[in-house]
Amino acid sequence: MAVNAVVATVQALIGTVIARDAEGNSRVLGVGDPVYAGEEVIPLRGASVELEGMDGVAVSLGEGQQVLMGEALAESGRADNPEIPTAEEVIAALDRGESLDALIAPPAAGLEGGESEGGGFVRVARISEPVEPINYTFPVNAFGRPDALGETVAVPGGDAVETGIPSGTPPTDPSVDPPPVEPPPVDPPPVDPPPVANPTLAVSVSVTAGYGYEDANDAAAGDVVFDVSHVLDLDGLDPSLAGAIAYSIVGGDAAYLALSQDGSGNWVVVLTEAGAAAIRAGLVDGNQLNVTIEGTVVLSGMDDLVDTGSGVAPVPEPSGEEPPDPVPDLLASAHTVGGSDVQGTMANANNLKETGSQSAAVSHQDGFFAIDHQGASDDPHAIEFGEALLFTLVSPADTAVFQVQGAINGASYHLYDADGVRIGDARDLASDVNENGFLELGGETFSFIAFQGGSTGPGASGDESAFAVKPVDLSVQVGQGEDAEFYPAGGEEALAFGANFLTVDSDQDIFVVSQGGEGSMEDPARFVIQGFSLESNDPGAQITLGELLSSASQETIDQYLMAEAQGEDTVLHISSGGMLGSDTGGADYAITLEGISMNGFDSSYDFIQTLIENGHLSIDQ
């Protein structure tokens, strides 16, 4: 039998109809699709199909019927069959007085009869064609009855009437029994319909191993509460007909819980910031967290599979004790200083600590710290000549990153050890801040760092400084006791900057973002890529997200990846769990492309498409 021989095409259908080959591979048929030799055509529940063979013969199938398509149907439509004599050959044989048997191939009989392999098309359903009912017209006799016997009938009051038997037609003897009527053909015996696929989906929700709090104050955003899983049984259907599972929270404490993925890519339910606060405050109803998860699988050409699962997790009652104050990384204090950094108050950190604020206070704006000195000409959001900002580290460190903005103009910075002794001389701030405005410290262990205002000339004779500094990924406490204010690292104002700075320094830099390195939705893992390019002829860096987006599809990609303009930079917000909203909430990665502007792009989609087309972003799975 020929391979992939087309034997019929689909003319019309209702519902889902599947073609299955001899190896068990299935596909869903549509109008106009071909049907190949050796395939079974199976209408599923409530479905029907109209097929047209290559010879023009129509085949109708309904639920519970199936047909095996054979090659004989494909070849039956050939117009020139050499086994059938032409009209000219028949006339010539009659003129010669020959028998027509010689022109017709003998029928298949015995072991030698015929050369045909027999039909390869097995039809289970009957083929019925509507025909007009039989309706013959006979002469009407004098009694108003049709008379087909041709007998002479006496008509009262007149001459005999001949009913008009056609010439040469012998009369029918009424005593002769009519020929027996052949019974109508018997339908083939019914065949049991093939089994109909019945795919199922089961969603389950369970309390994660190791979950639980000894104290309600231990609850924090991002804590994993529930594990989510599912079992999908396609019951013999082709796996390619099913889409990826999609989860959503449809009931329970939806304001306290959110869907996410763990480091292995498994779906989990975690506490939101509101949920953690509710546990700490004892606001969870019944001290139990409830959730109902709905899972959906889209089947091509069939109804979606939908199932739900629920879980309950215990919550401890608050102990009544206030949670401990957060422990900062830095303690900030403001100072005014003398003109000499050798013998004045900048000579050692202890002098600064003992001197105190001297009518100066630490100011804070958008993450940047400065000095608010109560002078008439003071800029409350800048470190100016004669002012110093001291940061005390909670524990000694050998690395730290500060962002500097504003006019530096002769400003300096100083490092001190744990005893307050200055490490080396005063350091020129302008020389050590890189072109992107960051001071990156490393290689020396220090416990204090002070930023001092200055000027470009002796004393205050030149242009004076007016700058502010922002600790990167370091929390800061200002003040002591009840007056203390706490500024945690991160937040909206810090979204575009992080501790992980990456620089494009070759034409082969590939930055791979994979599962396991994500932060939380409240505090995403942040990266800044410097030296990036959008140009198609620039073989610069490529960002690869393939593994991270393994669960994404063309329809859901905007739930995983979004570009947002932030000044002259662009931030790629990424959600490893597909939880991005319209406001970029739900991201657990934030990658800043420094100096790359979205000006000229209509949307996030256009920007991302340009990255892909120019070879700078790979989302292949």
Side-chain angles (χ1 to χ4, degrees), residues 327-355 362 364 367-371 383 385-455 465 467-478 487-490 494 497-503 505 526-528 530-531 594:
V327 178
D329 298 304
L330 302 173
L331 302 174
S333 55
H335 304 270
T336 55
V337 297
S340 172
D341 59 12
V342 177
Q343 297 181 1
T345 52
M346 298 297 293
N348 62 69
N350 290 324
N351 283 346
L352 283 172
K353 291 187 294 179
E354 293 167 358
T355 301
V362 177
H364 175 273
F368 286 87
F369 292 82
I371 302 298
I383 302 174
F385 181 82
E387 298 174 345
L389 176 65
L390 177 68
F391 289 109
T392 303
L393 278 70
V394 171
S395 59
D398 56 7
T399 59
V401 177
F402 294 86
Q403 185 185 2
V404 180
Q405 71 174 14
I408 296 178
N409 292 340
S412 60
Y413 71 99
H414 312 254
L415 300 181
Y416 306 90
D417 63 18
D419 296 326
V421 177
R422 191 171 62 188
I423 302 171
D425 296 330
R427 309 176 189 218
D428 182 45
L429 185 60
S431 299
D432 292 347
V433 170
N434 64 28
E435 61 182 6
N436 299 303
F438 291 90
L439 173 65
E440 300 182 38
L441 303 175
E444 299 174 285
T445 300
F446 57 95
S447 296
F448 304 90
I449 179 171
F451 293 90
Q452 180 182 7
S455 74
S465 65
F467 68 98
V469 295
K470 175 181 181 178
V472 176
D473 277 1
L474 294 171
S475 58
V476 182
Q477 179 179 319
V478 178
Y487 300 91
F497 302 97
N500 302 295
F501 292 88
L502 310 173
T503 302
D505 54 14
R526 300 184 181 92
F527 298 87
V528 178
Q530 302 167 336
E594 191 172 88

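Values below: every heavy atom of this structure, side chains too, minus hydrogens, waters and symmetry copies.
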| query | So, do Glu444 and Leu415 sit near enough that their side-chain heavy atoms are less than 4.5 Å apart? | reply | yes
| message | How close do Ala411 and Phe467 get, counting heavy atoms only, and between which atoms? | response | CB-CE2, 3.3 Å
| request: Give a yes or no on whether the backbone of Gly410 and the side-chain of Ser465 come within a donor-acceptor separation of less than 3.5 Å. | output: no
| Can you tell which of Thr392, Val476, Ile449 makes a side-chain contact (heavy atoms from CB on, under 4.5 Å) with Leu330? | Val476
| query | Could you give the distance from CD1 (Ile408) to OG (Ser431), rounded to the nearest 0.5 Å? | reply | 9.0 Å
| remark: All heavy atoms of Ile383 vs all of Ala370, minimum pair found to be CG1-CA, 3.9 Å
| Atom pair OG1 (Thr445) and CG (Asp398), whose distance is rounded to the nearest 0.5 Å | 5.0 Å
| task | Have a look at Val469 and tell me which of Leu389, Leu439, Val433 forms a side-chain contact (heavy atoms from CB on, under 4.5 Å) with it. | result | Leu389
| Side chain Asp417, main chain Asp419, donor-acceptor under 3.5 Å | yes
| Polar contact flag, side-chain donor to acceptor under 3.5 angstrom, Ser475-Asp329 | yes
| query | So, do Asn409 and Phe385 sit near enough that their side-chain heavy atoms are less than 4.5 Å apart? | reply | no
| task | Heavy atoms only: give me the nearest Asn348-Gly420 pair and the separation to one decimal. | result | CB-O, 3.1 Å
| said: If I compare all heavy atoms of Val394 with all of Pro328, which pair ends up nearest, and what's the gap? | reply: CG2-O, 2.7 Å
| task | Report yes if the distance between the aromatic ring centroids of Phe451 and Phe402 is under 6.0 Å, otherwise no. | result | yes
| said: Counting C-beta onward and ignoring hydrogens, is there a side-chain heavy-atom pair between His414 and Phe448 closer than 4.5 Å? | reply: no
| Atom of Pro471, atom of Phe369 and distance for their closest heavy-atom approach | CD-CD1, 3.7 Å
| task | Enter the distance from Arg422:CZ to Met346:CE here, rounded to the nearest 0.5 Å. | result | 7.5 Å
| remark: The reported gap from NE2 in His364 to NZ in Lys470 (rounded to nearest 0.5 angstrom) is 8.5 Å
| message | For Ala400 versus Phe446, what's the shortest heavy-atom pair and its separation? | response | CB-CZ, 4.1 Å
| Can you list the steps and then say if Leu474 with Phe391 is a side chain to side chain contact (heavy atoms under 4.5 Å, CB included)? | CA-CA 11 Å; Leu474 294 171; Phe391 289 109; over 6 Å; no
| said: Can you confirm whether Tyr413 sits close enough to Leu441 that some side-chain heavy atom of one is under 4.5 Å from a side-chain heavy atom of the other? | reply: yes
| said: Main chain of Phe438, side chain of Asn436: is a donor-acceptor contact present, judged purely on distance under 3.5 Å? | reply: no
| field | CG-CZ distance between Asp432 and Arg427, expressed to the nearest 0.5 angstrom | value | 8.0 Å
| field | Over 12 foreign heavy atoms within 6.0 Å of CG, Asp425 | value | no
